[in-house]
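What follows is a short report on a single structure.
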Number of protein chains: 2
Amino acid sequence: MGKMNRFEDYDCSGGCPVENALEQISGKWKGLIIYHLLGGTLRFNELRRRLGTVTQRTLTKQLRELEEAGILTREVYAVVPPKVEYSLTEKGQKLQAVVEGLHAWGIAFPTPRAAVAEE
Amino acid sequence: MGKMNRFEDYDCSGGCPVENALEQISGKWKGLIIYHLLGGTLRFNELRRRLGTVTQRTLTKQLRELEEAGILTREVYAVVPPKVEYSLTEKGQKLQAVVEGLHAWGIAFPTPRAAVAEE
DNA sequence: CCGTATCCATGAAGATACTG
DNA sequence: CAGTATCTTCATGGATACGG
């Protein structure tokens, strides 16, 4: 016992941890958002700039979903001009190892952009 | 130097490692497929059973995409009835830490299924 | 057993314009 | 600055039926 074969009886009908996890962070920009927030709190437009090409509508939506998942918090300051800050919750910070693992893997194994002009 | 602020100048216009990595493994069943293959080679229908509710068409497609990304290999045996085996490549196996991290996180933080009947 | 071939519904996300 | 409000496009993935 102890180790056992943890891959044997992994019936995923009805939801399983990996699927569950992916569900919460799947979305075109979510991984990236989390990665950037690992560096600390960011305002809406700071985040926007870092992501490069995301639209306001989309960024807002992804942030709201991450908020609902309990991965980040949204803090609104009653000032003018408006100021809204996003930070990771503890739950979100616990993704640090995973996201940095993805980052490292992404460097080690870039997308194979078709084996053209090769041969 | 050395550490520096690696979050500061992380301009993702034009593709960045995290985005790149996510691109290769995003798909409704891909994370799960990789997870199951961490336990070793599997045949098409074994995989199918483990995923629970995936259709043939969809599973085939996700497998082909993972193959094209170089994450797994597809070995066809010229026997009848047909036999096709899927296994992770080295590139795929390097995702082990990430996927197991997701698995652990998914257990620790299930999806917050609305705070109903709670209060 | 391991797929293809069709057809189709859904929703994710971009473009664009406007507002407190 | 930080969003809404619309409208539209497109890819994902399910359902179903058939084939080597």
Side-chain angles (χ1 to χ4, degrees), chain A residues 12-16 18-19 22-34 36-37 41-69 71-87 111 114, chain B residues 12-16 18-20 22-34 36-37 41-69 71-87 111:
Chain A
C12 246
S13 336
C16 70
V18 176
E19 200 173 9
L22 287 173
E23 216 167 280
Q24 299 181 64
I25 62 168
S26 75
K28 185 160 177 185
W29 304 96
K30 287 183 190 170
L32 228 38
I33 290 169
I34 293 166
H36 287 296
L37 288 181
T41 298
L42 288 176
R43 298 180 57 171
F44 186 83
N45 274 348
E46 288 175 324
L47 211 35
R48 190 150 132 75
R49 268 188 296 276
R50 275 177 176 74
L51 299 191
T53 62
V54 69
T55 61
Q56 282 187 347
R57 178 199 180 284
T58 299
L59 179 52
T60 301
K61 210 182 161 226
Q62 306 257 316
L63 286 168
R64 290 297 197 286
E65 286 169 11
L66 286 170
E67 189 188 4
E68 212 172 340
I71 289 172
L72 54 76
T73 56
R74 174 171 179 268
E75 181 134 25
V76 185
Y77 295 86
V79 299
V80 12
K83 171 177 170 180
V84 180
E85 288 187 339
Y86 294 91
S87 343
T111 312
Chain B
C12 248
S13 337
C16 72
V18 176
E19 200 174 10
N20 209 302
L22 287 173
E23 215 168 281
Q24 299 182 64
I25 62 170
S26 75
K28 187 162 175 183
W29 305 96
K30 288 183 188 169
L32 228 40
I33 290 169
I34 293 166
H36 287 297
L37 288 181
T41 298
L42 288 176
R43 299 181 55 173
F44 186 83
N45 275 349
E46 289 176 321
L47 211 35
R48 191 150 130 77
R49 269 189 294 277
R50 275 178 175 77
L51 300 191
T53 61
V54 69
T55 62
Q56 282 188 347
R57 177 200 180 286
T58 299
L59 179 52
T60 300
K61 212 180 160 228
Q62 306 258 313
L63 286 168
R64 290 298 196 287
E65 288 169 9
L66 286 170
E67 190 190 2
E68 212 172 340
I71 289 173
L72 54 78
T73 56
R74 175 171 178 268
E75 182 135 23
V76 185
Y77 294 86
V79 298
V80 12
K83 173 177 169 182
V84 181
E85 288 187 340
Y86 294 90
S87 342
T111 312

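Convention: sequence-line order gives letters A, B, ...; per-chain numbering from 1. Because the structure is predicted, anything quoted here is derived from the model rather than measured. Heavy-atom basis, side chains included; hydrogens, waters and symmetry copies ignored.
- Residues from residues 54-67 of chain B that place a heavy atom under 4.0 Å from any atom of DNA chain C, listed by number: B:Q56, B:R57, B:T60, B:R64.
- Regarding B:W29, its CH2 atom lies at a distance of 22 Å from the P atom of D:dA11, rounded to whole Å.
- Residues A:L32 and A:R50 are not in side-chain contact: their nearest non-hydrogen atoms beyond the backbone lie 4.5 Å or more apart.
- Rounded to an integer number of Å, the gap from A:K28 NZ to C:dG11 C1' is 14 Å.
- Shortest non-hydrogen contact noted between B:S87 and B:T41 is OG-OG1, 3.1 Å.
- In this structure, CG of B:L32 is placed 15 Å from C1' of D:dG13, rounded to the nearest angstrom.
- Between the P atom of D:dG14 and the CZ atom of B:R48 lies a distance of 11 Å, rounded to the nearest Å.
- Note on the helix from C:dC1-D:dG20 to C:dG20-D:dC1: terminal axis deviation equals 60°, with five pairs used at each end and the result rounded to 10°.
- Of the residues in residues 79-87 of chain A, those placing a heavy atom less than 4.0 Å from an atom of DNA chain C are A:P82, in numerical order.
- Separating the CD1 atom of B:I33 from the C1' atom of D:dT12 is a distance of 14 Å, rounded to the nearest angstrom.
- Taking every heavy atom of both residues into account, A:R43 and A:E46 meet most closely at N-OE1, 2.7 Å.
- Interatomic distance, CG of B:L66 versus NZ of B:K61, reported as 11.5 Å (0.5 Å rounding).
- Rounded to a whole Å, the CZ atom of B:R74 is 16 Å from the P atom of C:dC1.
- Within the 4.5 Å cutoff, side-chain heavy atoms of B:Q56 are placed close to those of B:F44.
- With rounding to the nearest 0.5 angstrom, the OG1 atom of A:T58 is 8.0 Å from the NZ atom of A:K28.
- For the pair A:R74 and A:L63, the minimum side-chain heavy-atom distance is 4.5 Å or more.
- In this structure, A:L47 places its CG atom 12 Å from C1' of D:dA2, rounding to the nearest Å.
- B:E46 places its CD atom 13 Å from the P atom of C:dG3, with the value rounded to the nearest Å.
- Ion pair A:E68/A:R64 not flagged as a salt bridge, since none of the NZ, NE, NH1 or NH2 atoms sits closer than 4.0 Å to an Asp/Glu carboxylate oxygen.
- Tested against B:I33, the residues B:I71, B:V54, B:L72, B:L42 include a single side-chain contact (heavy atoms from CB on, under 4.5 Å) partner, B:L72.
- B:L22 has its side chain out of reach of A:W29: every pair of non-hydrogen atoms, C-beta onward, lies at least 4.5 Å apart.
- The closest side-chain heavy-atom distance from B:T60 to B:R57 is not below 4.5 Å.
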